[in-house]
Visitor: 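Please see the structure below; I have some questions.
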Amino acid sequence: MSNAPTMLILPGDGIGAEVMVEVQRVVDWVSGASGTPFTTETDLVGGAAIDAHGKPLHDDTMKKAFDFDSVLLGAVGGPKWDNLDFSIKPERGLLRLRKEMELFANLRPAMCFDALADASSLKRELVAGLDIMIVRELTGGTYFGEPRGITDLPNGERRGVNTQVYDTHEIVRVARAAFELAQKRGGRLCSVEKANVMESGVLWREEVTKLASEYPDVELSHMYADNCAMQLVRQPKQFDVIVTDNLFGDLLSDCAAMLTGSLGMLPSASLGAEDENKKRKAMYEPVHGSAPDIAGQGKANPIACILSYAMALRYSYDMPDAADAVEKAVQDVLAEGYRTGDIMQPGMKAVGTTEMGDTIIAKLKKAA
Ligand code: NAD
C-alpha cells in the first residue's frame with residue numbers, strides 16, 4: 001500500500017448506509033482539496049454481512065481492518081436480524097472489530113454548536129461553544145474483571161459479583177492516549193476516579209500522575225467521579241479532556257452527550273495501541289444506531305458520521321486543517337438554519353439526508 005491515507009468504510013445497516021453516502025462525498029472533497037487523495041474501500045458489516053456471508057463480519061473484512069489506516073463504520077442492526085442467535089447478531093461484527101483491534105480508548109466528544117444550544121437541557125450560556133472530550137477506558141475494569149457472576153449462598157440468598165480491576169499497563173496506555181489528545185487540543189487533562197474509596201482509583205491516580213512529567217505541556221488535574229458528574233452539569237466548559245475508567249466513562253460520556261442535544265450529532269472514535277510507526281489502530285463511528293424507524297426514508301441526520309470522519313482526519317491522519325474545515329462547514333450550515341428532523345426547531349429549514357450533505361459540501365467548496 002502507498003503512503004496515501006487509507007480508510008476502510010463499513011456502512012452497515014439502516015441509516016448507516018444512508019449517512020455514509022454523504023460522508024463519502026466529504027471524503028472525496030477532502031481528497032481533492034488537500035491534494036492527498038484517500039484510498040477507500042467499502043465492505044460489509046452487521047446485517048448486510050449476515051445476508052451476504054452468513055456472519056456479521058467476514059474474516060477478509062477483519063483482515064482489511066488491520067491493513068487500512070482506520071475504519072469508518074456507520075451503524076449495525078435492525079429488526080430483520082433481531083431473532084438471530086446472540087453469537088451471530090449484527091452487533092457481534094462491531095464487537096469483533098473492537099476486540100481484535102484492541103481498541104482500548106473510546107473518545108466521545110461533547111461539542112455544542114451555538115446554533116443548537118437551545119436544544120440542550122442546560123441553559124444556553126452553559127453549553128454554547130462547549131467542546132470537551134471524554135476518553136473512556138474500553139476493554140478493562142468492572143465490565144470485564146474476574147471474579148464475576150451470580151452465586152447461591154448457603155443461607156438461601158444469592159450474590160452478584162463484579163470486580164473492578166486495572167493493571168498498570170491498562171491505565172498507562174489509555175492515559176497516554178489522553179495526554180496526547182490534550183496536547184492536540186486545549187492542553188488540559190482531568191483524570192477521574194474514586195481514589196477516596198477504591199484502591200483501583202488510588203493506582204489509577206498514581207500512574208496518571210507519574211506520566212505527567214512526560215507531558216509538561218499538559219496541565220493535569222484529578223477529580224472524583226461523583227464530583228465530575230456534578231461539574232459536567234454545573235459548569236461543563238471547565239473541562240478540555242477527561243480520562244476515566246470503563247464504568248465511570250460509560251456514565252459520564254452519556255451525561256456529557258446529552259448536553260449537546262441530539263443523537264444524530266454525536267461522533268466517536270475508538271483507538272488502539274501505537275505501532276512502530278507511531279500510528280494507532282482506530283475505528284470511527286457515530287454514536288447512534290441504524291434507526292429502523294426512519295431507515296430508507298431519507299430523513300437521517302448525516303452529521304454524526306461526518307463529524308466522525310472529521311475526528312479521523314484529526315487523530316488518524318494528522319490533518320487538523322481539513323478537520324477544522326469540515327467542522328466549520330457543519331457549524332455554518334446549522335447557523336443558517338438547516339435542520340434534519342431530529343434537530344428541527346421552529347422557524348428552521350427542514351432538510352433530508354441528501355440535502356444536508358449538499359449544503360455541507362457547498363459550504364466546504366465555498367470556504368476553500
Ligand atoms: P438508534 O440510535 O438507532 O435510534 C434511536 C432514535 O434516534 C430513533 O428514533 C432514531 O430515529 C433516532 N436517530 C438515531 N440516529 C439518528 C440520525 N442520525 N438522524 C435522525 N434520527 C436519528 O437506537 P435504537 O433504536 O435503540 O436501535 C436501533 C438499532 O440500532 C438496533 O438494532 C440496535 O441494536 C442498533 N444499534 C447499533 C449501534 C451501532 O451500530 N453502534 C448503536 C446503537 C444501536
Side-chain angles (χ1 to χ4, degrees), residues 8-24 26 43-51 56-57 61 65 71-99 101 103 106-108 111 113 116 119 136 138 250 253-254 257-258 260-270 282-312 330 333-334 338-345 348 350-357 359-360:
L8 179 64
I9 297 183
L10 303 176
D13 308 317
I15 66 164
E18 295 170 46
V19 297
M20 203 60 89
V21 172
E22 305 314 313
V23 179
Q24 184 69 62
V26 177
D43 208 336
L44 305 174
V45 68
I50 294 172
D51 289 351
L57 190 76
T61 316
V71 177
L72 183 65
L73 187 139
V76 296
K80 183 178 174 190
W81 306 281
D82 273 353
N83 294 325
L84 290 178
D85 185 76
F86 187 69
S87 62
I88 55 156
K89 269 187 183 292
E91 290 74 10
R92 301 302 296 179
L94 181 56
L95 295 178
R96 182 175 174 200
L97 283 160
R98 286 183 186 155
K99 185 161 186 274
M101 291 166 79
L103 304 175
N106 183 228
L107 277 51
R108 289 268 300 264
M111 260 186 297
F113 293 98
L116 295 184
R136 165 189 172 191
L138 201 58
D250 192 3
S253 62
D254 268 20
M258 278 328 291
T260 69
S262 161
L263 210 49
M265 295 293 301
L266 294 169
S268 81
S270 300
M283 182 157 77
Y284 299 86
E285 51 183 315
V287 170
H288 63 72
S290 57
D293 55 335
I294 57 164
Q297 299 174 33
K299 291 180 178 170
N301 185 350
I303 292 178
C305 204
I306 289 173
L307 292 177
S308 299
Y309 173 57
M311 288 185 80
V330 169
V333 160
L334 294 172
Y338 293 98
R339 299 283 189 276
T340 43
D342 57 313
I343 50 173
M344 192 58 194
Q345 293 161 306
M348 299 292 156
V351 292
T353 312
T354 311
E355 286 165 285
M356 184 56 99
T359 55
I360 291 170

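All ligand and atom numbering here is 1-based and tracks the order in the structure. Computed over heavy atoms, backbone and side chain alike; hydrogens, waters and symmetry mates excluded.
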Visitor: Could you tell me the separation between the CG atom of N106 and the CE atom of M283, rounded to the nearest 0.5 Å?
Guide: 9.5 Å
Visitor: What distance do M356 atom CE and T340 atom OG1 have between them, rounded to the nearest 0.5 Å?
Guide: 4.5 Å
Visitor: Before accepting this row, confirm whether a basic side-chain N of the pair K80/D13 lies closer than 4.0 Å to the acidic partner's carboxylate O.
Guide: no
Visitor: Counting only heavy atoms, tell me which of L263, V45, I303 gets closest to atom 5 (C) of ligand 1.
Guide: L263
Visitor: Heavy-atom pairs closer than 4.0 Å: do any link ligand 1 to the side chain of V76, the backbone, both, or neither?
Guide: both
Visitor: Identify the protein heavy atom lying closest to atom 13 (N) of ligand 1, giving its residue, its atom name and the separation to 0.1 Å.
Guide: A291 CB, 4.2 Å
Visitor: Starting from atom 11 (O) of ligand 1, find the nearest protein heavy-atom neighbour and note its residue, name and distance.
Guide: D293 OD1, 2.8 Å
Visitor: Within ligand 1, which atoms have a heavy atom of G77 less than 4.0 Å away?
Guide: 32 (O)
Visitor: How would you list all residue pairs meeting ring pair (Phe, Tyr, Trp, His ring centres under 6.0 Å) that involve residues 291-310, not counting sequence neighbours?
Guide: F38-Y309
Visitor: Identify, for atom 29 (C) of ligand 1, the protein heavy atom at the shortest distance, and state residue, atom and that distance.
Guide: S290 OG, 3.3 Å
Visitor: Is there a donor-acceptor pair under 3.5 Å between the side chain of E285 and the backbone N or O of A75?
Guide: no
Visitor: With V23, which of C305, S308, P11 fulfils side chain to side chain contact (heavy atoms under 4.5 Å, CB included)?
Guide: C305
Visitor: Can you confirm whether some protein heavy atom lies under 4.0 Å from atom 26 (O) of ligand 1, or whether none does?
Guide: no
Visitor: Name the closest protein heavy atom to atom 18 (N) of ligand 1, giving the residue it belongs to and the distance to 0.1 Å.
Guide: N301 O, 3.0 Å
Visitor: Minimum heavy-atom separation for E22 to G357, with atom names?
Guide: OE1-CA, 3.4 Å
Visitor: Name the option, out of T353, L95, L94, L266, that contains the heavy atom nearest to atom 41 (N) of ligand 1.
Guide: L94
Visitor: As an exercise, identify every atom of ligand 1 less than 4.0 angstrom from a heavy atom of A75.
Guide: 40 (O)
Visitor: Looking at atom 22 (C) of ligand 1, what's its closest protein heavy atom, distance included?
Guide: I294 CD1, 4.1 Å
Visitor: Roughly how far apart are I343 CD1 and N301 CG, rounded to 0.5 Å?
Guide: 4.5 Å
Visitor: If the cut-off is 4.0 Å to any non-hydrogen atom of E285, which atoms of ligand 1 fall inside it?
Guide: 41 (N)
Visitor: Taking the non-hydrogen atoms of A300, is any one of them nearer than 4.0 angstrom to ligand 1?
Guide: yes
Visitor: In terms of residue, atom name and distance, what is the protein heavy atom nearest to atom 2 (O) of ligand 1?
Guide: G289 N, 2.7 Å
Visitor: Going by the atom numbers of ligand 1, which of them fall below 4.0 Å from some non-hydrogen atom of G264?
Guide: 17 (C), 18 (N)
Visitor: Which value, rounded to the nearest 0.5 Å, describes the distance between I303 atom CD1 and L116 atom CG?
Guide: 7.5 Å
Visitor: Using a strict 4.0 Å cut-off to heavy atoms of I15, name the atoms of ligand 1 that fall inside it.
Guide: 15 (N), 16 (C), 17 (C), 18 (N)
Visitor: Tell me whether the count of non-hydrogen atoms from other residues, nucleotides or ligands lying under 6.0 Å of CG in D293 goes above 12.
Guide: yes
Visitor: Given salt bridge (charged side-chain N to carboxylate O under 4.0 Å, His left out), test R108 with D254 step by step and report yes or no.
Guide: CA-CA 9 Å; R108 289 268 300 264; D254 268 20; 3.0 Å; yes
Visitor: Quick one: pull up CE in M111 and CG in L307 and give me the separation to the nearest 0.5 Å.
Guide: 5.0 Å
Visitor: Backbone, side chain, both or neither: what part of L73 comes under 4.0 angstrom of ligand 1, heavy atoms only?
Guide: neither
Visitor: Give the numbers and elements of all ligand 1 atoms closer than 4.0 Å to a heavy atom of G78.
Guide: 32 (O)
Visitor: For atom 28 (C) of ligand 1, what is the nearest protein heavy atom, given as residue, atom name and distance?
Guide: P292 CD, 3.4 Å
Visitor: Among all protein heavy atoms, pick the one closest to atom 33 (C) of ligand 1 and tell me residue, atom and distance.
Guide: E91 OE2, 3.8 Å
